[in-house]
Engineer: 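What follows is a single structure, and I will ask about it in a moment.
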Amino acid sequence: MNASSILLAAALFLPTLRATAQTLVAVPDEQELTGVYAAPTAPAQPAAARLLYFGVVNSPDAQHEQYAQLRRVFETYQPTLVVVEKPDLGTAGTAAATIEQKGAAGYARLLAQQQQVPTERLDDPTAEYNYLRTKVDAEQLKLYYLLRASHGFKQRTGASKALTVKAMKQLIEQSAYFVPGTEHVIRNVAELSAAFHKYCPDGGQWWEAHSAYFCPQAAVGLYPAGSFAHTLGSAIEDYRAQYVYGKLAARAEAGERILVVMSCDQLPAAPAAAGEVAVK
């Protein structure tokens with residue numbers, strides 16, 4: 001995926017923003033979660049923690065409890081680096097406006113700016129996609145990205161089935177740029193539907209897909225080996241363990257105090273190092 005393809009995908013299906021952390025735990029509105037995560041309490045932060053994951057959910061409401069929790073984490077944890085999932089879309093003039101327009105990722109960047117803490121992006125979509133292409137067959141890989149895009153579009157816009165199908169047609173037409181190397185599979189909405197029923201036989205309809213199919217790493221332990229969710233989830237977990245979470249753990253061991261703000265349904269399954277704290 002190149003820059004132009006990512007922009008195209010963003011124009012059609014801006015991803016949802018969700019949040020949680022992984023060794024201090026503060027869960028916003030349990031009903032917004034997928035059911036994979038229970039509602040834990042927030043234990044005292046271990047003094048030795050150097051790598052903290054904070055999970056968020058999608059909410060433009062500045063009064064949502066997660067934003068006060070995130071602000072307190074900044075004050076008490078005092079990170080030297082903030083790593084944020086999703087691209088940097090900037091901030092707005094006020095905290096409330098930033099939350100409304102940029103979501104939790106934007107608010108995390110605003111707090112980092114206020115404390116003069118550098119920020120980095122957590123995810124590298126191109127690198128992850130290239131890795132998954134070596135582990136997952138083209139049809140399942142394309143299905144995963146299309147389901148994720150469909151969910152993001154519906155969450156952001158509240159679109160009806162008809163509008164979701166229309167947008168999906170446009171995305172599939174441009175899939176050579178969005179998911180290169182998969183042009184020979186799922187060439188239209190009918191083939192998308194057929195692929196979904198093939199790999200997710202108990203999943204209902206693709207536009208109503210359960211989160212296990214577009215966030216499979218959160219539910220990998222709930223599905224048998226060889227299933228769609230397990231195949232994709234395991235591959236994503238392997239990539240992130242090697243190239244994302246492992247590198248952050250190494251930097252923390254070297255002395256950085258790292259706060260990671262990311263979707264609760266994307267959190268690593270287990271801390272990558274003994275000093276981590278997780279906040280859901």
Engineer: Judged by atom type as modelled, is there a donor-acceptor pair below 3.5 Å linking the side chain of K142 to the main-chain atoms of T182?
Structural biologist: yes
Engineer: Strictly by ring-ring contact (aromatic ring centres under 6.0 Å, His included), give each pair with a member in residues 83-108 just once, sequence neighbours left out.
Structural biologist: Y67-Y107
Engineer: State, with a plain yes or no, whether a side-chain heavy atom of N130 is found less than 4.5 Å away from one of L132.
Structural biologist: no
Engineer: For Q63, is the CD atom crowded, meaning more than 12 foreign heavy atoms sit under 6.0 Å from it?
Structural biologist: no
Engineer: Answer whether the closest heavy-atom distance between the side chains of L52 and V73 falls below 4.5 Å.
Structural biologist: yes
Engineer: If I take atom CD from residue Q116 and atom CD from residue Q114, how far apart are they, to the nearest 0.5 angstrom?
Structural biologist: 10.5 Å
Engineer: Given 3.5 Å as the limit, does a donor-acceptor pair link the side chain of S150 with the main chain of L146, or not?
Structural biologist: no
Engineer: Is a side-chain N or O of D123 found less than 3.5 angstrom from the main chain of E85, in a donor-acceptor match?
Structural biologist: no
Engineer: For residues 198-207, which side-chain donor-acceptor pairs fall under 3.5 Å, sequence neighbours excluded?
Structural biologist:
from	atom 1	to	atom 2	distance (Å)
K198	NZ	E139	OE1	3.1
Y199	OH	E139	OE1	2.7

Engineer: Please list, chain by chain and in numerical order, all residues satisfying side chain to side chain donor-acceptor pair (under 3.5 Å) with Y213, sequence neighbours excluded.
Structural biologist: none
Engineer: Side chain of Y77, backbone of L51: donor and acceptor closer than 3.5 Å?
Structural biologist: yes
Engineer: What residues form a side chain to side chain contact (heavy atoms under 4.5 Å, CB included) with A250, not counting sequence neighbours?
Structural biologist: none
Engineer: Quick one: CD on Q266 to SG on C215, what's the gap to the nearest 0.5 Å?
Structural biologist: 4.5 Å
Engineer: Looking at residues at least two apart in the chain, or sitting in another chain, which of them share a side chain to side chain donor-acceptor pair (under 3.5 Å) with T119?
Structural biologist: none
Engineer: Would a distance-only check, ignoring hydrogens and angles, find a side-chain to backbone donor-acceptor pair under 3.5 Å from R257 to T80?
Structural biologist: no
Engineer: Are the side chains of M262 and P268 in contact, using a 4.5 Å heavy-atom criterion?
Structural biologist: yes
Engineer: Can you name the residues that form a side chain to side chain contact (heavy atoms under 4.5 Å, CB included) with V244, not counting sequence neighbours?
Structural biologist: L122, Y239, R240
Engineer: Measure the CG-CD distance between L111 and E75 for me, rounded to the nearest 0.5 Å.
Structural biologist: 8.5 Å
Engineer: Got a sec, which residues hit side chain to side chain donor-acceptor pair (under 3.5 Å) with R187, two or more places apart in sequence or on another chain?
Structural biologist: E191
Engineer: Applying side chain to side chain contact (heavy atoms under 4.5 Å, CB included), name anything that partners Q78, two or more places apart in sequence or on another chain.
Structural biologist: none
Engineer: State the NE2-CD distance between H230 and E237, to the nearest 0.5 angstrom.
Structural biologist: 8.5 Å
Engineer: My understanding is that only residues two or more places apart in sequence, or in another chain, count here; which of them pass side chain to side chain contact (heavy atoms under 4.5 Å, CB included) with T231?
Structural biologist: V136, Q140
Engineer: Same hydrophobic cluster for L143 and I236, using side-chain heavy-atom links shorter than 4.5 Å among ILVMFWY?
Structural biologist: yes
Engineer: Determine, for D88 against R109, whether the closest basic-nitrogen to carboxylate-oxygen distance falls under 4.0 angstrom.
Structural biologist: yes
Engineer: According to salt bridge (charged side-chain N to carboxylate O under 4.0 Å, His left out), who are the partners of D137, at least two apart in sequence or on a separate chain?
Structural biologist: none
Engineer: Could you tell me the separation between the NZ atom of K154 and the NZ atom of K161, rounded to the nearest 0.5 Å?
Structural biologist: 10.5 Å
Engineer: Should Y129 and Y145 be marked as a ring-ring contact (aromatic ring centres under 6.0 Å, His included) after you check the CA-CA gap, both sets of side-chain angles, and the distance that decides it?
Structural biologist: CA-CA 10 Å; Y129 179 75; Y145 277 96; 5.3 Å; yes
Engineer: For the pair K102 (side chain) and L89 (backbone), establish whether a donor and an acceptor sit closer than 3.5 Å, ignoring hydrogens and angles.
Structural biologist: yes
Engineer: Using atom types as modelled and distance alone, determine if a side-chain donor or acceptor of S175 lies under 3.5 Å from a backbone N or O of F178.
Structural biologist: no
Engineer: Applying salt bridge (charged side-chain N to carboxylate O under 4.0 Å, His left out), which residue pairs with at least one partner in residues 168-185 are found, sequence neighbours left out?
Structural biologist: none
Engineer: Can you tell if the side chain of V82 reaches within under 4.5 Å of the side chain of F74, non-hydrogen atoms only?
Structural biologist: yes
Engineer: Of all residues at least two apart in sequence or in a different chain, which pass the side chain to side chain donor-acceptor pair (under 3.5 Å) check with E256?
Structural biologist: R251
